[in-house]
Amino acid sequence: MADINNNPYLAHMHNKSSGSSNNIFDGPNKAFNMLVPGKSTAEQQEALENDVYNGLTGQTYSQKYKNILEKRRDLPVNKQRQKFLDLIHANQFVVLVGETGSGKTTQIPQYMVMDMLPQVEGKMIACTQPRRVAAMSVAQRVSEELDVKLGQEVGYSIRFEDCTSSKTVLKYCTDGMLLREAMSDNLLSRYSAVILDEAHERTLNTDILMSLMKNIAMKRPDIKIIVMSATLDSEKFQKYFYDAPLLTVPGRTFPVEVYYTPEPESDYLEASIKTALQIHATEPAGDILMFLTGEEEIEEACRLLRARGDELIRRANSGPLLVVPLYSTLPPNMQQKIFDQAPEPRTKGGSPGRKIVVSTNVAETSLTIDGIVYVIDPGFAKQKVYNPRVRVESLLVSPISRAAAQQRAGRAGRTRPGKCFRLYTEKSFNNDLIEQTYPEILRSNLGSIVLQLKKLGINDLVHLDLMDPCAPEVLMRALELLHYLGALDDDANLTEIGHAISEFPIDPQLAKMIIAAADYGCTNEVLSIAAMLSVPNVFLRPREAQRAADMAKAEFAHMDGDHMTLLNVYHAYKGATEATKWCWDNFLQYRSLKSADSIREQLRRVAVKNNIPLLSNNFTNPEYYPKIRRALTAGYFMQVAHLERNGQYLTVKDNQIVLLHPSSVLERKPEWVVYNEFVLTKRHYIRTVTEVKPEWLLEIAPHYYDLSAFPPCEGKRILEKIALKIAVSREEQERREKKDKKDKKRKSEKEKSEKEKKDKKEKKDKKEKKSKD
DNA sequence: GAGCACTGC
């Protein structure tokens, strides 16, 4: 008997009966009929692409499609299509390494669509990206390659925007988005294959997804998983995925010559500037990209480069310079300047002009600048580090890894052969730099992630199968936090509140604050505050107008503290008619406020979905602000500082000496404050601070403020006094209540007996009257 | 009296 599963020519017989609304076999396309899900060959796939009709839509292919197809056939990855298909047919996991220009991100997902025919079963192929822009732009590109409308057969899904439809068979999404989806669909049952792209970046979400995919694969033998990476660190990935086979695809870049300094540089900023000017004076035309660590450093370097560039023009008749800064908080119109052309020579046939882009790490992965030929790499970057002992994430300038250095160098070879100048010795590169940047999961606070894992049904966190297991202390800290917030019970199981908190795409403390706000009737206001705390700083303070900026901010200041000040700003922003101009006039970051507004909308929807009522107290109610501050306390009772008699703030329980951040509107130094952020620089600051009442702490978080487990300090003694007072007054109240009850009882008894007497008397009177009659 | 690498739900 013929096995129809193995006969590609009979495939339509069993597929026809699937009854799917996306049945591709009904169209005029015949080539699709040759395919059996999971058994296609490169030849069959190419025949499909060469057909007159589009197998996905039934329409005839456009001329544009045919032009693009020609280019697609030239991509390095296309030469390995059969090899790829053989591997994925024989394995559940495949690791694919492909350098820039290999075509893996656009082609592999298409090969998977043609191979697995997910539409037959109403399923999809997902391809994840660490960044939103990438997901959007790749989906756009692939929709053109497949000659379909973006959002139909090919779509993308990112926060705030779901550009997919019921027809979608190929979906590009951010890794965070797929993780969220897994929270409600633990087996990712809507997908027949998942492709994890840019896995080498090892973002927090990619790491969790990789672990999750291993878990899902065990329960779903039908799902295929492809892990794509740009580095040669492939063995680690292979080993992690049960010795998965490896496919290597060459890239298309130009060679980059690397130069080292003979001696270590003591001042990398000065060395960078000197190197840039030397390139300008001696090397042929071509733009320069310089990597520095932060905004201030970049602006300083730009000033110096411009000044010395002018001097060079005067003294040595060199070409004109265009110096452009680049960092993420730079306004978009300023960021656009990196795409400007290098200036023309000042005189015809004179020395050529040159563009110098001075950038942070954004230019390492997120942004690509064409025309860069020279890269200057001092070897440093600001990197996030997490200290679980003090529960603080902070940014530290630290040496980059060898992989990052290679990535930086590669930026010089995108359009033609280039040069990279490393401002450290070759010996230092080989001996001092670490191989790979530590994955984010080892450098982060895991509060939110642990909660998500619980929601994903992963309970045994200690034995969680991560590519790089995180430190037990970090896990402990996360569990502790979630337990105090009431998200986990004593057995570390998700509570009802925990379920609700996990639905919010924000820090657990913020989510708890929103949920608690319902008890105080102020969810509307707290939603706004939570949104404002989830965006980059809204207050601008340009160097040339600091005084004016401070005055503008003072207009919004609220005496209770910075959280209420943020609420004032948000309300004023919503009331402003010309938002962009209004922001500019008030020294506010329009981008941040706009983003706060969309986040608020998202949070509001999650609140509604979780039956959290949207409430506001009457503004004239004297408790309007105190109630909001109580809700704040319900989320942030673990971040409280007390002003000691010596004028210093001490964080509660940790006993760290901290200072109010100079940006705070609270100049009067209230005795008890909650803070949003612990900033670790030369000194320890607490930023975004609001006054609270000590009795609220005892009332709202008695489990955390269990004074018997407190380290001794002034704050403890004061809390003890208050606790005593509360206990005494509670006792008094109880006594009073008891007395009242007794009195009432006595009174009612008295009334009862009097009434009885009266009744008796009346009866008697009636009787007497009757007898008289 | 100071700072803000970069993503992401």
Side-chain angles (χ1 to χ4, degrees), chain A residues 128-135 157-162 173-184 198 201-209 291-300 325-330 359-367 380-385 393-398 400 404 407 437 439-441 443-444 448-449 451-452 455-456 501-508 510-511 534-543 546-547 549-550 589 592 595 598-599 602-603 605-606 659-665 667 677 679-688:
Chain A
T128 67
Q129 299 290 322
R131 280 168 293 279
R132 294 208 291 246
V133 266
S157 176
I158 57 177
R159 188 183 192 180
F160 306 128
E161 202 185 347
D162 182 12
C173 61
T174 47
D175 42 20
M177 200 71 201
L178 194 66
L179 206 55
R180 280 274 146 188
E181 234 185 286
M183 283 169 62
S184 52
E198 313 286 358
E201 286 191 25
R202 302 292 308 277
T203 66
L204 200 49
N205 286 335
T206 305
D207 267 21
I208 302 292
L209 262 183
F291 285 102
L292 292 178
T293 63
E295 172 178 345
E296 206 178 292
E297 202 176 82
I298 287 170
E299 293 293 353
E300 175 72 9
L326 176 65
Y327 42 89
S328 73
T329 49
L330 201 65
S359 170
T360 62
N361 260 357
V362 256
E364 200 178 291
T365 46
S366 310
L367 266 166
F380 291 98
K382 272 193 191 164
Q383 286 175 320
K384 186 170 78 178
V385 285
E393 276 181 357
S394 51
L395 289 170
L396 264 183
V397 174
S398 34
I400 60 169
Q407 176 79 15
T437 310
E440 206 186 349
I441 198 162
R443 299 181 280 124
S444 308
S448 188
I449 284 293
L451 195 64
Q452 282 188 51
K455 180 86 184 186
L456 287 164
I501 293 179
S502 75
E503 293 271 312
F504 285 93
I506 44 175
D507 276 348
L510 279 179
S534 307
V535 296
N537 187 13
V538 296
F539 297 106
L540 292 172
R541 202 163 181 262
R543 189 186 289 261
Q546 293 184 344
R547 180 79 69 79
D550 291 346
Q589 182 95 39
S592 292
S595 144
S598 9
I599 291 177
Q602 192 190 23
L603 299 179
R605 274 202 303 269
V606 176
L659 297 168
L660 280 188
H661 197 273
S663 67
S664 176
V665 300
E667 278 166 5
E677 206 183 347
V679 186
L680 200 68
T681 49
K682 282 169 204 148
R683 291 164 172 176
H684 295 174
Y685 289 103
I686 47 175
R687 187 158 53 193
T688 315

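Protein chains get the first letters and strands the later ones, always in sequence-line order, with residue 1 at the start of each.
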- Task: May I ask you to say what A/Arg131 touches in the nucleic acid, namely base, sugar-phosphate or nothing, with a heavy-atom cut-off under 4.0 Å?
- Result: sugar-phosphate
- Message: Using a 4.0 Å heavy-atom cut-off, does A/Arg687 contact any base of the nucleic acid, only the sugar-phosphate backbone, or nothing at all?
- Response: sugar-phosphate
- Item | Length of the line joining A/Leu330:CG and B/dG3:P, which is rounded to integer Å | 20 Å
- Query: At under 4.0 Å between heavy atoms, what does A/Ile158 touch on the DNA or RNA strands: base, sugar-phosphate, or nothing?
  - Reply: sugar-phosphate
- Of all the nucleotides listed (B/dC4, B/dG3, B/dC9), which has the minimum atom distance to the side chain of A/Arg180? B/dC9
- On DNA chain B, check which nucleotide each of A/Glu296 and A/Leu326 is closest to and give me the residue with the more 5' one. A/Glu296
- Rounded to whole angstrom units, what separation is found between the CZ atom of A/Arg202 and the P atom of B/dA5? 25 Å
- Item | Electrostatic pair A/Lys455:A/Glu503 at N-O distance under 4.0 angstrom | yes
- Item | Options B/dT7, B/dA5, B/dC9, nucleotide nearest the side-chain atoms of A/Lys384 | B/dA5
- Flag the pair A/Arg131 and A/Glu201 as a salt bridge only when some basic side-chain nitrogen lies within less than 4.0 angstrom of an acidic carboxylate oxygen. yes
- Contact class for A/Gln383 vs. all strands (heavy atom < 4.0 Å): base, sugar-phosphate, or nothing? nothing
- Given B/dC9, is OP1 or OP2 found less than 4.0 Å from the side-chain N or O atoms of A/Thr174? yes
- When we call it a touch if two heavy atoms are under 4.0 Å apart, what does A/Val679 touch: a base, just sugar-phosphate, or nothing? sugar-phosphate
- Message: Other residues, nucleotides and ligands only: do more than 12 of their heavy atoms fall within 6.0 Å of CD on A/Gln546?
- Response: yes
- Taking CG from A/Leu603 and P from B/dC9, how many angstroms apart are they, rounded to a whole number? 13 Å
- Query: Could you state the CG-P distance from A/Leu680 to B/dG3, rounded to the nearest angstrom?
  - Reply: 11 Å
- Query: So which nucleotide from B/dT7, B/dG1, B/dC9 ends up closest to the side chain of A/Arg132?
  - Reply: B/dC9
- Here the distance between atom P of B/dG1 and atom NE2 of A/His661, to the nearest Å, is 13 Å
- Task: Answer with base, sugar-phosphate or nothing: what part of the nucleic acid does A/Ser328 contact at a heavy-atom distance below 4.0 Å?
- Result: sugar-phosphate
- Which whole-number value in Å describes the distance from A/Gln452 CD to B/dG8 P? 15 Å
- Do A/Thr688 and A/Glu677 have a side chain donor and acceptor closer than 3.5 Å? no
- Message: Using the side-chain heavy atoms of A/Asn361, tell me which of these nucleotides is nearest: B/dC4, B/dA5, B/dG8.
- Response: B/dA5
- Among B/dA5, B/dT7, B/dG1, find the nucleotide with the atom closest to the side chain of A/Lys382. B/dA5
- Just by modelled atom types, is the A/Lys384 backbone N or O under 3.5 Å from a matching donor or acceptor in the A/Arg443 side chain? yes
- Task: Report the distance from atom CD of A/Gln589 to atom C1' of B/dC4, rounded to the nearest whole Å.
- Result: 11 Å
- A/Gln129 side-chain N/O to A/Ala135 backbone N/O, donor-acceptor pair under 3.5 Å: no
- Message: Any base atoms under 4.0 Å from A/Tyr685, or only sugar-phosphate, or nothing? Heavy atoms, all strands.
- Response: sugar-phosphate
- A/Asp162 atom CG is separated from B/dC9 atom C1', nearest whole Å, by 14 Å
